[in-house]
Every structure is written in C-alpha cells, then in structure tokens.
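Since the structure comes first, as structure tokens, the remarks are kept for the end.
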Amino acid sequence: AACTYLNLARLVGVDTYADSPLKGCVNDVTLQYYLLVHRFGFSPQDILVVSDEKATRQGILEAFEEHLIAQAKPGDVVVFHYSGHGSRVADPNPIIPNVDGNGLNGTFVPVDAILPQGYPEVGGMVSDIMGHTLFLLMSALQTENVTAVLDSCFSGGATRNDYRVRSRSGGNKIQIAPAEKAYQETWLSRLDWTPEEFVDRYRQGVAKGVVLAATNRWQLANEKTINGFVAGLFTHSLTEYLWRETATPESAIAYTRSLIAPDLKQAPLAEIQAGSHYDTQSLYFLDLPNPWANAVVTEVEGDRAQLWLGGLDGASFGKLEEGTTFVGVGGSGKVTMRSRQGLVAEVTVEEAVTEGTLLRLGT
C-alpha cells in the first residue's frame, strides 16, 4: 500500500503581553493558517493554533511535543510558526558569540513571562524559551521535512513612527529561569547527546530542514497596518507571495526583503540544514496541490459570501472598489465585491461558489 504522509503545523501568535502588547501576531497566524489550508492542502484538524492566553511557556512547549514530535513520522511535513516578542538573555557560555561580541542568547517570549520589578535595569530572571530549546525540539522530530517561520526579533526596541517592534528589552543582567535549563537537560537526555555533542551540532546550523527568520540575529522585526490589517512585515509579505508563486527559500526571502524599507534595517533570511539541498526545494517541502490565487471563499450564505484576500499584492489592493470582480480559478464561480475590512471582503455571488473556492481578480 502507498504511504500516506501527514502535513502537521503548529502556529503560535502572542499579542496580549501585559507589559508591551502587540497587534499583529495573531493575525500572522491567521495569514499562515489560510495559506496552509487553501494553497498547500493542509487539513484544518492537523493545524494546531496556540495564541494569546494559551501561549504560555508550558502551552507552547507541550503543544510542540504532543502535536509535532509525538505525531510526525519520517516523510511527514512539519511547519512551526512563531510570531511574538523576542528578547535576549545572558549566556555565560555562548555557543555562537553575537555580532557585538557579547554573551547574549535569543529567546521567544511566552505570554506568561512575568518580568521582575525594576526590569531590565536591576536584572533578574525570566521564563522565556531559548533558541537552544527550539533547536532541541526540532532535532527530536522524526522527519527531515521541517520548516520554522520566526517573526520576532532578538534585541531591545520600542514603537517607532507607525511601526511596532516585536522585542522585549533584555541584556547582560537578565538570566534565564532554572526551569528552562532543566528542560534542555531533559531533552539532551532523551536525544542521548552530551553537552559537547549539542554544541557541535548547534554550530553546524539549523537542526532540521529550513528556518525562515524575519531578521538577522541582531536586528528588529516590525509589524504595521498594511491595507487595513495589522501584521508582521515578514509574515505578511511571505504569505502573500506564496499564494501566487511556487517558491524556494531563496526566492521567497528575496521578495520579502524587497518590500521592507531599507531604513528599518530588517533583513529576513533563510537558514538551511547543513549538507542538504533544501535551498532548491519548494517551500514547506510540498509540491503545491492547489493553483495560485488571489482570494479564497471562507463563508457562503445565499447570494452573499466572504472572501480572504491573502494573495493580493499592494498594487491590487489599491484598485479594489465596490463592484470589483473575482472569478473562480477553474473557470467556475464569480463574485463582486460589496465592501472590505482589512483582508476580509463581503461579496455578492454572481455564479455559484462554495467554501474553499479559489478566486482570481477578474479582468
């Protein structure tokens, strides 16, 4: 019998931080969700969304273990997405020194990462998830077909102009909580690695597959209102491109860089597993089962329907107006726009469509 492979995704988005809330991280998850389901053919039941109050340190780690590590078998496809704050903590034994020569290690900030009083000037401990931990979790996956999309940054920042920076201040005075180091020790034991083996593997590059990152290690990731929809600049441009193109990591990163203003000094990058040829493969390790599209029908009720406009570029958004026509990709189905809010359009059904119908702008 032919093998049946799973496509598994775990999408994390955190906006509701107590100290410095964001606005576009849960939206990033929505962008990724519709892309994976309607362009890449993922089943909704195989996508686990962990957002806001559920995105605690324990919730993020348990979801990775239970949804991805416990289920993924050789040959399966795994996607992990994180949008939220990044930070940096002191690392007395840095594996890879930072560009500025300090001993800081990047972290992901869960929603329950409570800050000590007087933070960050007086120092203290935080319950972040270190980049080292993500490396160990990815290493534990039984499949090589792994893509991690990380839309956060790893240095201090704040709001600047109409951009919001996805960063929580950190620095040399900030220590990681003992529970995080203990968790890493647990995974070293499960993987049967010595600390020296871990360091050697980490220095070789990403653990499995491909990592698509919003920034270089020392840069800031930004979110902004784009066409009435707040999202990460990186996630928004990446998903919009993938709705229309069959992309390799290199071509997708080149496109995202082209849309980010140079003065922001945010340069997305792709890191590829050492010794692999994943840089020449299609993103997410999948031959696209569905044709390119500008929009997808998400709801139908009588002669009214709702669209998700995830595959429209900026120029196309500027031309949208009442009466704009979308036609079915396969030649069947037609709708006309009544109104739009962000990436959601209300339309009138002219020719029958169903939920999941892919559409392109009419001519």
Within the 3.5 Å criterion, strictly below it, is a donor on [X] or [Y] matched to an acceptor on the partner's side chain?
X	Y	result
Arg168	Tyr119	yes
His85	Ser87	no
His67	Gln71	yes
Glu240	Tyr255	yes
Gln32	Asp28	no
Asn105	His132	yes
Ser339	Glu346	no

Got [X] and [Y] here, is their nearest side-chain heavy-atom distance under 4.5 Å?
X	Y	value
Met125	Ile176	no
Val297	Thr354	no
Ile47	Val37	yes
Leu359	Val296	no
Tyr241	Ile253	no
Thr324	Leu361	yes
Trp308	Leu31	yes
Val211	Leu150	yes

Measure across [X] and [Y] and return the closest heavy-atom pair with its distance rounded to 0.1 Å.
X	Y	answer
Ala270	Pro249	CB-CB, 4.0 Å
Val206	Gly209	CG2-O, 3.7 Å
Thr235	Ser83	OG1-OG, 4.0 Å
Lys334	Val327	CG-CG1, 4.2 Å
Asn172	Ala90	O-CB, 3.3 Å
Glu355	Val300	N-CG2, 3.9 Å

### Message
If you apply the rule side chain to side chain contact (heavy atoms under 4.5 Å, CB included), what do you find for Phe285 with Thr147, and how did you get there?
### Response
CA-CA 8 Å; Phe285 297 92; Thr147 304; 3.6 Å; yes
I'd like to know if the side chain of [X] and the backbone of [Y] have a donor-acceptor N/O pair within less than 3.5 Å.
X	Y	value
Lys224	Val230	no
Thr186	Ala182	yes
Arg39	Asn290	yes
Asp52	Asp15	yes
Ser139	Phe135	yes
Glu223	Gly232	no
Tyr17	Val109	yes
Thr56	Gly59	yes
Gln219	Ala267	yes
Lys73	Gln142	no

Spacing of [atom1] belonging to [X] relative to [atom2] belonging to [Y], to within rounding of 0.5 Å:
X	Y	atom1	atom2	value
Asp112	Lys54	CG	NZ	15.0 Å
Asn227	Gln341	CG	CD	13.5 Å
Tyr5	Leu286	OH	CG	12.5 Å
Leu136	Trp187	CG	CH2	8.5 Å
Arg244	Ser316	CZ	OG	7.5 Å
Glu271	Asn216	CD	CG	8.5 Å

### Task
Start with the C-alpha distance between Ile60 and Phe108, add both sets of side-chain angles, then the distance that settles side chain to side chain contact (heavy atoms under 4.5 Å, CB included), and finish with yes or no.
CA-CA 10 Å; Ile60 293 172; Phe108 308 101; over 6 Å; no
#### Entry: Residue pair Glu180, Arg57: steps toward the salt bridge (Lys or Arg N to Asp or Glu O under 4.0 Å) verdict
CA-CA 10 Å; Glu180 178 69 358; Arg57 179 180 179 277; 2.6 Å; yes
### Task
Would you kindly confirm whether Leu269 and Ile272 end up in one hydrophobic cluster when ILVMFWY residues are joined by side chain heavy atoms under 4.5 Å apart?
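Different hydrophobic clusters.
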### Query
Taking everything shown except Gln45 itself, do over 12 heavy atoms lie less than 6.0 Å from its CD?
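It does: Gln45 CD has more than 12 such atoms within range.
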### Task
Take Gln204 and Gln273 through the side chain to side chain contact (heavy atoms under 4.5 Å, CB included) test and state the conclusion after the steps.
CA-CA 8 Å; Gln204 291 179 35; Gln273 184 178 346; over 6 Å; no
With [X] as reference, evaluate [options] under the side chain to side chain contact (heavy atoms under 4.5 Å, CB included) test and give the passing residue.
X	options	result
Ile260	Leu233, Asn222, Thr215	Leu233
Leu307	Val347, Asn294, Thr298, Thr357	Val347
Thr239	Thr30, Leu35, Leu36	Leu35

### Query
Does the salt bridge (Lys or Arg N to Asp or Glu O under 4.0 Å) test come out yes or no for Arg166 and Asp151, once each step is laid out?
CA-CA 8 Å; Arg166 291 179 171 178; Asp151 201 338; 3.3 Å; yes
### Message
Go through it in stages, so that I can follow the logic: the residues are Val149 and Phe234, the test is side chain to side chain contact (heavy atoms under 4.5 Å, CB included), and I'd like the CA-CA distance, side-chain angles, deciding distance and then a yes or no.
### Response
CA-CA 10 Å; Val149 181; Phe234 175 61; 3.8 Å; yes
### Query
On the ring face of Trp292, is Arg360 found with NZ or CZ under 6.0 Å from the centre and within 45° of the axis?
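Yes.
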### Query
Looking at Phe317, does the NZ or CZ of Arg340 lie under 6.0 angstrom from its six-membered ring centre and within 45 degrees of the ring axis?
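Relative to the ring axis of Phe317, which defines the angle, Arg340 lies outside at least one limit.
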### Task
List the steps and the verdict of side-chain hydrogen bond (donor to acceptor under 3.5 Å, both in side chains) for Thr133 and Gln184.
CA-CA 6 Å; Thr133 299; Gln184 292 175 10; 3.0 Å; yes
### Task
For Glu185 and Arg190, run salt bridge (Lys or Arg N to Asp or Glu O under 4.0 Å): C-alpha distance rounded to whole Å, both residues' side-chain angles, the deciding distance at 0.1 Å, then the answer.
CA-CA 9 Å; Glu185 291 293 334; Arg190 291 176 181 175; over 6 Å; no
### Task
Tell me, please, which residues at least two apart from Tyr33 pass ring pair (Phe, Tyr, Trp, His ring centres under 6.0 Å).
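None.
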